[in-house]
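First comes the structure, then the notes that go with it.
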Amino acid sequence: MTSAKQETRDDKMISSENSVQIPVVAPVERKQQNSGYVLEVWNGKLKVIDRSTNQVYMDTEIMYEHLPEDVRKSIDTGRYFSSIEEILAFLESYSS
């Protein structure tokens, strides 16, 4: 049996009875629950999440730990972006 690499969100984790790691995510207040985009941290890197599907829209190579503290706090509290253009402009300002 081969083991698959599994990405994880950088949230607190709990273990189930079968030792499976389950992320515990604190609810965050968002302007629009069913539209727009938010940033999440997975394996130390930012990912763009599409709120309409609740799926990863785009992976980035931007390291969370390299961001300024105020930006990290805004991501931690569920910073909302209404359009892909808005989030791309934000990401461009923090990419190398």
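When all heavy atoms of Arg51 and Asn54 are compared, the pair lying nearest together is NH1-OD1, 2.6 Å. Minimum interatomic distance between Leu39 and Val48 (heavy atoms only, all atoms of both residues): CD2-CG2, 3.9 Å. Residues Tyr94 and Phe90 come closest through the heavy atom pair CD1-O, 3.3 Å. Taking each heavy atom of Ile62 and Leu91 in turn, the nearest pair found is CD1-O, 3.6 Å.
The ring-ring contact (aromatic ring centres under 6.0 Å, His included) check on Tyr37 picks up Tyr57, with sequence neighbours excluded. Partners of Leu88 under the side-chain contact (heavy atoms from CB on, under 4.5 Å) rule, at least two apart in sequence or in another chain, are Met58, Ile84. A search for side-chain contact (heavy atoms from CB on, under 4.5 Å) contacts involving Ser93 returns nothing, not counting sequence neighbours. Remark: Thr60 pairs with no residue by the side-chain hydrogen bond (donor to acceptor under 3.5 Å, both in side chains) rule, at least two apart or across chains.
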Walk me through it: do Asp50 and Gln55 pass the test side chain to side chain contact (heavy atoms under 4.5 Å, CB included)? CA-CA 6 Å; Asp50 182 338; Gln55 299 291 319; 5.6 Å; no
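From Leu46, atom CG reaches atom CG of Asp59 across 10.5 Å, with rounding to the nearest 0.5 Å.
Using a 3.5 Å distance cut-off with no hydrogens or angles, the side chains of Asp76 and Tyr64 do pair a donor with an acceptor.
Counting only residues at least two apart or on different chains, the salt bridge (Lys or Arg N to Asp or Glu O under 4.0 Å) pairs with a member in residues 60-72 are Lys45-Glu61, Glu69-Lys73.
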